[in-house]
Amino acid sequence: ELDELTLDTARYALTPELRAFGVRTHSRNFSSANPYPQTLLSLYVREGNRLRPVLENLYVDVSGAEWDGCAGDSFQNSRTVEIAKTRSHGYADLIVKTVASGTTAVGKGETCDEKFSSHTVLTTLRYDGKSYVVPAALKGM
């Protein structure tokens with residue numbers, strides 16, 4: 001279910017003369033055993049009287065879990081977008097910083113052993129002349 005739509009007014013300066021604005025959509029399901037909330041970011045630029053999407057459906061926050069009492073797994077990926085100093089086809093490249101974390105829990109009798117992991121990944125998105133190319137793993141629907 002789509003439950004929130006917000007404007008992202010960060011300074012997405014794609015060229016010295018052109019700044020994009022963002023639209024964030026947040027959706028979720030209602031499962032307590034298998035939650036899957038997600039936030040997607042799309043960037044738009046103004047061209048004359050129209051808005052043109054230049055980045056579509058980048059996962060900026062997504063998490064999920066599958067639990068059966070104590071035993072289960074969960075994950076969370078949080079992303080930020082920065083403007084790079086490099087350019088592709090005249091537009092600034094975008095640096096996406098992903099902080100991925102997860103928990104695995106195993107139940108043994110009345111005890112519950114949990115393991116937590118976390119890592120950071122940097123991905124550069126380049127403009128191809130029409131839009132920023134988003135790898136499938138970072139792209140929402």
Side-chain angles (χ1 to χ4, degrees), residues 1-108 110-141:
E1 167 183 290
L2 176 65
D3 67 344
E4 189 174 304
L5 180 94
T6 58
L7 292 178
D8 181 338
T9 58
R11 295 183 178 270
Y12 296 107
L14 304 181
T15 74
E17 303 82 30
L18 182 65
R19 189 164 79 177
F21 72 92
V23 175
R24 290 178 182 251
T25 57
H26 182 267
S27 59
R28 63 187 174 114
N29 63 10
F30 291 97
S31 172
S32 59
N34 301 87
Y36 194 76
Q38 61 183 350
T39 302
L40 303 175
L41 172 66
S42 295
L43 297 180
Y44 297 86
V45 295
R46 184 175 170 191
E47 286 186 347
N49 293 332
R50 297 180 6 170
L51 294 177
R52 180 174 65 88
V54 293
L55 174 72
E56 294 187 87
N57 297 328
L58 172 71
Y59 276 124
V60 289
D61 194 26
V62 61
S63 59
E66 189 167 327
W67 296 105
D68 182 15
C70 166
D73 297 292
S74 69
F75 73 92
Q76 179 166 1
N77 295 329
S78 296
R79 295 187 174 96
T80 56
V81 178
E82 298 176 27
I83 303 297
K85 294 183 190 293
T86 56
R87 297 191 176 283
S88 298
H89 295 276
Y91 279 40
D93 294 336
L94 303 177
I95 300 170
V96 178
K97 179 180 179 181
T98 302
V99 177
S101 59
T103 302
T104 300
V106 179
K108 295 177 183 174
E110 292 188 24
T111 64
C112 186
D113 295 326
E114 292 185 354
K115 286 187 176 181
F116 178 78
S117 64
S118 179
H119 66 279
T120 301
V121 176
L122 297 178
T123 306
T124 301
L125 304 183
R126 291 182 170 76
Y127 188 74
D128 69 0
K130 292 184 180 182
S131 64
Y132 286 92
V133 178
V134 180
L138 306 183
K139 190 169 181 77
M141 293 185 250

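The shown structure was predicted, so the numbers you read here are calculated from the model rather than taken from an experiment.
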Residue pair L58, V96: steps toward the side-chain contact (heavy atoms from CB on, under 4.5 Å) verdict: CA-CA 10 Å; L58 172 71; V96 178; 4.2 Å; yes
For residues 7-14, which side-chain donor-acceptor pairs fall under 3.5 Å, sequence neighbours excluded?
residue : atom : partner : partner atom : Å
D8      : OD1  : A10     : N            : 3.0
D8      : OD2  : Y12     : OH           : 2.8
D8      : OD2  : R24     : NE           : 2.9
D8      : OD2  : R24     : NH2          : 3.0

T120 and T98, any side-chain heavy atoms less than 4.5 Å apart: no
Report the residue from V81, V121, L122 that forms a side-chain contact (heavy atoms from CB on, under 4.5 Å) with K97. L122
Could you tell me if T124 and D93 have a donor-acceptor pair between their side chains, going purely by distance under 3.5 Å? no
Is any side-chain heavy atom of D61 closer than 4.5 Å to one of Q76? yes
Any heavy-atom pair between the side chains of L138 and T123 that's under 4.5 Å? yes
Rounded to the nearest 0.5 angstrom, the CD-OH distance for Q38 and Y59 is 4.5 Å
State whether the side chain of K139 and the backbone N or O of V133 hold a donor-acceptor pair below 3.5 Å, judged by distance alone. no
Approximate separation, where rounding is to 0.5 Å, of S131 OG and R126 CZ: 14.5 Å
Does R52 form a side-chain contact (heavy atoms from CB on, under 4.5 Å) with Y44? I'd like the steps, not just the answer. CA-CA 5 Å; R52 180 174 65 88; Y44 297 86; over 6 Å; no
Relative to each other, are the rings of Y127 and Y91 parallel, tilted or perpendicular (30° and 60° limits)? parallel
Quick one, S27 and L40 - any side-chain contact, counting heavy atoms below 4.5 Å? no
Please round to the nearest 0.5 Å and tell me the distance separating atom OG of S42 and atom CZ of F21. 10.0 Å
Side chains of V99 and N77: does their closest heavy-atom pair fall under 4.5 Å? no
Output every pair passing salt bridge (charged side-chain N to carboxylate O under 4.0 Å, His left out) with a member in residues 69-86, not counting sequence neighbours, ordered by first then second residue. none
side-chain contact (heavy atoms from CB on, under 4.5 Å) between S101 and F75: does it pass, once the steps are laid out? CA-CA 6 Å; S101 59; F75 73 92; over 6 Å; no
So do the side chains of S78 and V60 get within less than 4.5 Å of each other, counting heavy atoms only? no
Going by heavy atoms in the side chains, are L43 and L94 under 4.5 Å from each other? yes
Dump the intermediate steps for side-chain contact (heavy atoms from CB on, under 4.5 Å) on R46 and L18, then the final yes or no. CA-CA 8 Å; R46 184 175 170 191; L18 182 65; 5.9 Å; no
Check E114 against A105 and note the closest heavy-atom contact, atom names and distance. CG-CB, 3.8 Å
